[in-house]
Structure formats: structure tokens, C-alpha cells
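What follows is a short report on a single structure.
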Amino acid sequence: MLKRIMILFSITVAIFLVLITASYIIHQIKLSKEDKLFTPTGKMVEVNGHQMHVYVEGNGEETLVFMSGGGTSSPVLDFKSLYSLLSDKYKIAVVEKAGYGFSDITDSGPNIDTILQETREALLKSGVEGPYILAPHSMSGIEALYWAQVYPNEVKAIIGLDMAVPAAYKDYDINMPLVHLSAFAANIGFTRWIPCLSESDAIKYGTLTDEEKELYKVIFYRRTATKNMVNEVKYITANAEKVGAAGISNVPMLLFSSNGQGTGWNEDEWNEIQKEFIGKHKDGTLMKLDCSHYIHDIEFKRIADESEKYIEGLNR
């Protein structure tokens with residue numbers, strides 16, 4: 001009986017290894033065929049010895065900088081439905097951090113100082129100067145708050161797109177083994193066998209063209225659970241603690257908040273975290289939206305309208 005079990009186990013392992021190898025080979029072949037589509041839509045600049053992608057559109061006096069949430073494969077396409085409604089009045093810029101979009105996957109440190117330094121340098125090398133109105137989504141809310149703390153003269157306001165605040169990570173249990181498993185699955189091309197994984201909210205609800213949807217999927221298969229993304233998740237609690245300890249900046253804020261779906265918290269918990277944070281701010285407004293976490297892909301028209309009103313109010 002033991003011998004049969006060992007044989008069965010050996011066969012199972014062998015089949016598993018063959019499937020992994022086949023998936024990896026197929027993945028590499030497809031990546032090679034997709035190379036011609038993986039072409040930056042913005043400007044590539046060198047930062048800390050690697051290439052970062054910055055997309056700029058519009059020529060308005062105010063500059064909006066869109067900052068993606070953790071693990072968003074293609075920030076440029078993810079935000080497009082929203083910024084395309086704003087670029088006729090404002091200059092918009094999307095910085096794709098290391099490991100995101102068209103930017104290189106690197107060994108850059110995941111600490112918040114390195115992330116902020118690279119973002120600022122990428123903007124300046126792209127000819128985009130402050131002061132900025134930051135528009136962070138999810139995890140990058142921590143980066144935006146830190147930016148306002150360290151360089152207050154560079155941040156005119158923050159328009160949060162269901163952005164995270166330090167308290168959100170205080171007792172947040174991050175399943176790192178699952179995160180690493182996701183990275184392994186992406187590296188061997190397993191994500192290609194589950195088509196729904198590449199159907200982002202930008203594709204399902206946004207205004208992307210068919211060509212842009214195809215490009216998003218091409219990027220997804222290259223920029224899912226990258227080394228940089230995994231390290232950001234690993235260090236987000238420490239980064240959030242650092243930002244939280246420094247207190248709340250006086251920069252004006254307009255926070256759009258979701259119904260909590262897709263955040264990892266239930267609706268009541270997520271809304272309470274947002275409400276408590278903005279309640280301590282001297283110049284902050286919270287606007288609740290009844291949609292899931294990627295609010296800018298779903299309620300882009302309303303967010304654009306309310307953002308315009310808010311920006312006009314800042315200049316009065």
C-alpha cells in the first residue's frame with residue numbers, strides 16, 4: 001500500500017511539474033509575440049538607474065498627478081476614463097512606479113522615501129513641475145499624505161480616489177504567502193488560463209477602446225504581482241505607521257469613498273476609517289459613492305464633475 005501511495009505521489013508531482021513547465025513555456029512564447037504591443041504611450045525617463053514611464057496630457061494651469069493603487073497593472077489605462085474628462089482644463093500626469101505599467105521591474109527599496117523620491121524625480125525629468133493636486137487611489141494614499149508632510153509646498157490639494165489612510169493598516173492582516181503564490185502564478189503564466197483575471201474594472205466599466213483593452217491585457221500579463229508590488233505590500237504597514245506618526249497635513253482634501261467592496265474591509269469598517277480620518281482634518285470633505293473600490297473606473301463622470309467644482313473652489 002505504501003509503495004502504491006509513493007508511486008501515485010510521484011506521478012502527481014511529475015504531472016504538476018510538466019504542467020508548470022508547459023505553462024511557463026507557453027507564457028514566454030506569448031510574451032514574445034506581444035512585445036510589439038508593449039510600447040509606452042508616454043515618456044520614459046531614467047530614475048535611480050532604471051526607466052520609469054510618465055504619461056502627460058493637457059495644458060491647463062493646474063497639474064493633477066494620478067497615483068495608482070497597489071498592484072494596478074496599468075495605471076495609465078486604469079485612470080484614462082477619468083483623466084480624459086479633465087485634461088481639457090488641466091494638465092494631467094500619471095506616474096507609473098517601478099514594477100508598474102511600462103516602467104522597469106527593479107530592486108528599488110519599498111520604503112516610502114524611495115517611492116516618493118522616484119515619483120518626484122520622474123515628474124521633474126518629464127518636465128512636470130509643481131505645485132501638484134495629487135489624485136491617489138487606494139494604497140498610494142499613504143504616499144500622497146507623506147508627500148504633503150515632507151514637501152508641503154509641492155502639494156496644493158489631495159483628491160482621494162477611495163484612498164487608504166494610515167489607520168486602515170493598523171490591524172490589517174496581510175497574507176504574504178498568498179501574495180507570493182500570486183507572484184508565482186503570474187510568473188509561470190497561470191493567469192492566462194483564467195481569462196476573468198485580466199478583466200479589470202477599467203475594461204468592464206470604463207471608456208477604453210478595443211485596442212486599449214487589448215493593451216491592458218498585454219500589460220497585465222507582464223505586470224501582475226511584480227517584485228516591486230510584492231515588496232510594497234510587505235512594507236505597507238511600516239510605511240503607514242511612519243505617515244500616521246507624523247500627523248495630518250493641512251493640505252486641502254476631497255476624499256471620494258467607495259462602499260468598501262474590494263478593499264478588504266466591510267462597508268461599515270471602511271466608511272468609519274474614512275470618516276474618522278477626514279473628521280480630524282481642518283479642510284477636508286468626504287463624498288461617499290455607492291460602488292466598489294476602483295471608483296474612478298465606475299463613477300468617473302461624477303468624480304470629474306465634482307473634482308472640477310472643487311478645484312475651482314480652491315482658486316477663489
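The hydrophobic cluster containing Ile92 does not contain Leu124, counting ILVMFWY residues as joined when their side-chain heavy atoms lie under 4.5 angstrom apart, directly or transitively. Hydrophobic clustering (side-chain heavy atoms under 4.5 Å, transitive across Ile, Leu, Val, Met, Phe, Trp, Tyr) keeps Leu134 apart from Ile311. Hydrophobic clustering (ILVMFWY, side-chain heavy atoms < 4.5 Å, transitive): Val56 and Leu85 are in distinct clusters. Linking Ile, Leu, Val, Met, Phe, Trp and Tyr residues whenever their side-chain heavy atoms come within less than 4.5 Å places Tyr216 and Leu37 in a single cluster. Under a hydrophobic clustering in which Ile, Leu, Val, Met, Phe, Trp and Tyr are joined whenever their side-chain heavy atoms come within less than 4.5 Å, directly or via other members, Ile105 and Val230 fall into different clusters.
Legend: residues meeting side chain to side chain donor-acceptor pair (under 3.5 Å) with Tyr132, ordered by chain and number and at least two apart, are absent. Annotation: salt bridge (charged side-chain N to carboxylate O under 4.0 Å, His left out) contacts of Glu199 (sequence neighbours excluded): Lys217. By the salt bridge (charged side-chain N to carboxylate O under 4.0 Å, His left out) test, Glu118 is found to be paired with no residue, residues two or more places apart in sequence or in another chain being considered. Applying the side chain to side chain donor-acceptor pair (under 3.5 Å) test to Ser138 and every residue at least two apart in sequence or in another chain returns His293. Applying the salt bridge (charged side-chain N to carboxylate O under 4.0 Å, His left out) rule to Lys280 yields the partners Glu276; only residues at least two apart in sequence or on another chain are considered. Applying the salt bridge (charged side-chain N to carboxylate O under 4.0 Å, His left out) test to Lys91 and every residue at least two apart in sequence or in another chain returns nothing. Applying the side chain to side chain donor-acceptor pair (under 3.5 Å) test to Glu308 and every residue at least two apart in sequence or in another chain returns Lys89.
Atom CD of Glu269 has more than 12 neighbouring heavy atoms from other residues, nucleotides or ligands inside a 6.0 Å radius. With a 6.0 Å radius and a threshold of 12 heavy atoms from other residues, nucleotides or ligands, Tyr310 has its OH atom above the threshold.
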| Verdict with supporting geometry, Val95 and Tyr55, side chain to side chain contact (heavy atoms under 4.5 Å, CB included) | CA-CA 7 Å; Val95 180; Tyr55 179 81; over 6 Å; no

| request: Walk me through it: do Gln117 and Asn48 pass the test side chain to side chain donor-acceptor pair (under 3.5 Å)? | output: CA-CA 10 Å; Gln117 178 266 322; Asn48 284 349; 3.0 Å; yes

| side chain to side chain contact (heavy atoms under 4.5 Å, CB included) between Leu161 and Ile303, intermediate numbers included | CA-CA 9 Å; Leu161 304 173; Ile303 293 173; 3.9 Å; yes

| message | For a side chain to side chain contact (heavy atoms under 4.5 Å, CB included) check, start with the C-alpha distance between Val94 and Tyr83, then their side-chain angles and the critical distance, and finish with the verdict. | response | CA-CA 9 Å; Val94 183; Tyr83 69 63; 3.8 Å; yes

| field | Derivation of the side chain to side chain contact (heavy atoms under 4.5 Å, CB included) call for Val65 and Ile133 | value | CA-CA 6 Å; Val65 177; Ile133 296 175; over 6 Å; no

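We find that Asp305 and Lys309 are not joined by a salt bridge, their nearest charged nitrogen and carboxylate oxygen being 4.0 Å or further apart. One finds a salt bridge joining Arg222 and Asp35 here, because a Lys/Arg side-chain nitrogen approaches an Asp/Glu carboxylate oxygen to under 4.0 Å. Lys242 and Asp113 are joined by a salt bridge, as a carboxylate oxygen and a charged side-chain nitrogen come within less than 4.0 angstrom of each other.
Sorted pairs that involve residues 11-30 and meet salt bridge (charged side-chain N to carboxylate O under 4.0 Å, His left out), not counting sequence neighbours, are lacking altogether. Within the structure, salt bridge (charged side-chain N to carboxylate O under 4.0 Å, His left out) contacts touching residues 56-68 (residues at least two apart or in different chains) are Glu62-Lys156.
A side-chain donor from one of Thr106 and Asn228 sits under 3.5 Å from a side-chain acceptor of the other. For the residue pair Tyr146 / Asn239, no side-chain donor-acceptor distance below 3.5 Å is found, with atom types taken as modelled. A side-chain donor from one of Thr207 and Ser81 sits under 3.5 Å from a side-chain acceptor of the other. A donor atom on one side chain and an acceptor atom on the other are found under 3.5 Å apart for Tyr294 and Thr72.
Think of Leu178 as one node in a network of Ile, Leu, Val, Met, Phe, Trp and Tyr side chains linked at under 4.5 Å; its network also takes in Leu181. By the 4.5 Å side-chain criterion applied to Ile, Leu, Val, Met, Phe, Trp and Tyr, Tyr235 is assigned to no cluster and stands alone. Within the hydrophobic cluster formed by Ile, Leu, Val, Met, Phe, Trp and Tyr side chains joined at under 4.5 Å, directly or through other members, Ile298 is accompanied by Tyr205.
Side-chain contact check for His296 versus Phe66: every heavy-atom pair is 4.5 Å or farther apart. Inter-residue side-chain proximity for Leu255 and Ser257 is flagged as unmet; no heavy-atom pair is nearer than 4.5 Å. Using a 4.5 Å heavy-atom threshold, the side chains of Gln261 and Asp290 count as separate. Residues Asn259 and Lys288 have side chains not in contact (no heavy-atom distance under 4.5 Å, counting atoms from C-beta outward). For the pair Ser258/Trp270, a side-chain contact is recorded, criterion being any heavy-atom separation below 4.5 Å from C-beta on. Counting heavy atoms from C-beta on, the side chains of Ser198 and Thr191 never come closer than 4.5 Å. Proximity of Ile115 to Asn111: side-chain heavy atoms (C-beta onward) are nowhere separated by under 4.5 Å. Side chains of Ser200 and Ile203 form a contact here, defined as non-hydrogen atoms less than 4.5 Å apart.
Taking every heavy atom of both residues into account, Met253 and Ile248 meet most closely at CE-CG2, 4.4 Å. Residue Arg223 comes nearest to Gly101 through the heavy atom pair NE-O, 3.0 Å, listed as atom of the first residue, atom of the second, then distance. In terms of heavy atoms, Gly69 sits closest to Ser140 at N-OG, 4.4 Å. Between Ser307 and Ile159, the shortest heavy-atom distance links the atoms OG-CG2, 3.8 Å. Across all non-hydrogen atoms, the minimal contact from Leu314 to Pro252 is CD2-CB, 3.9 Å. Here the closest non-hydrogen pair linking Lys80 and Ser84 is O-OG, 2.8 Å.
Between Trp265 and Tyr169, the ring-plane angle classifies as perpendicular under the 30° and 60° cut-offs. In this structure, Phe38 and Phe102 have tilted ring planes: the angle between them lies in the 30° to 60° band.
Within the cation-pi definition used here (under 6.0 Å to the ring centroid, within 45° of the axis), Lys97 qualifies as a partner of Tyr100.
Atom CD1 of residue Ile142 and atom CD of residue Glu232 lie 12.0 Å apart, to the nearest 0.5 angstrom. A distance of 13.0 Å separates CZ in Phe190 from NE2 in His27, rounded to the nearest 0.5 Å. The line from NZ of Lys213 to OG1 of Thr209 is 8.5 Å long, rounded to the nearest 0.5 Å. Here the CD1-CG distance, from Ile273 to Asp268, works out to 11.0 Å after rounding to the nearest 0.5 Å. Atom CG of Asp297 and atom CG of Leu77 lie 10.0 Å apart (nearest 0.5 Å).
For the pairing with Met44, the side-chain contact (heavy atoms from CB on, under 4.5 Å) check across Lys125, His53, Glu96, Met52 returns one residue only, His53.
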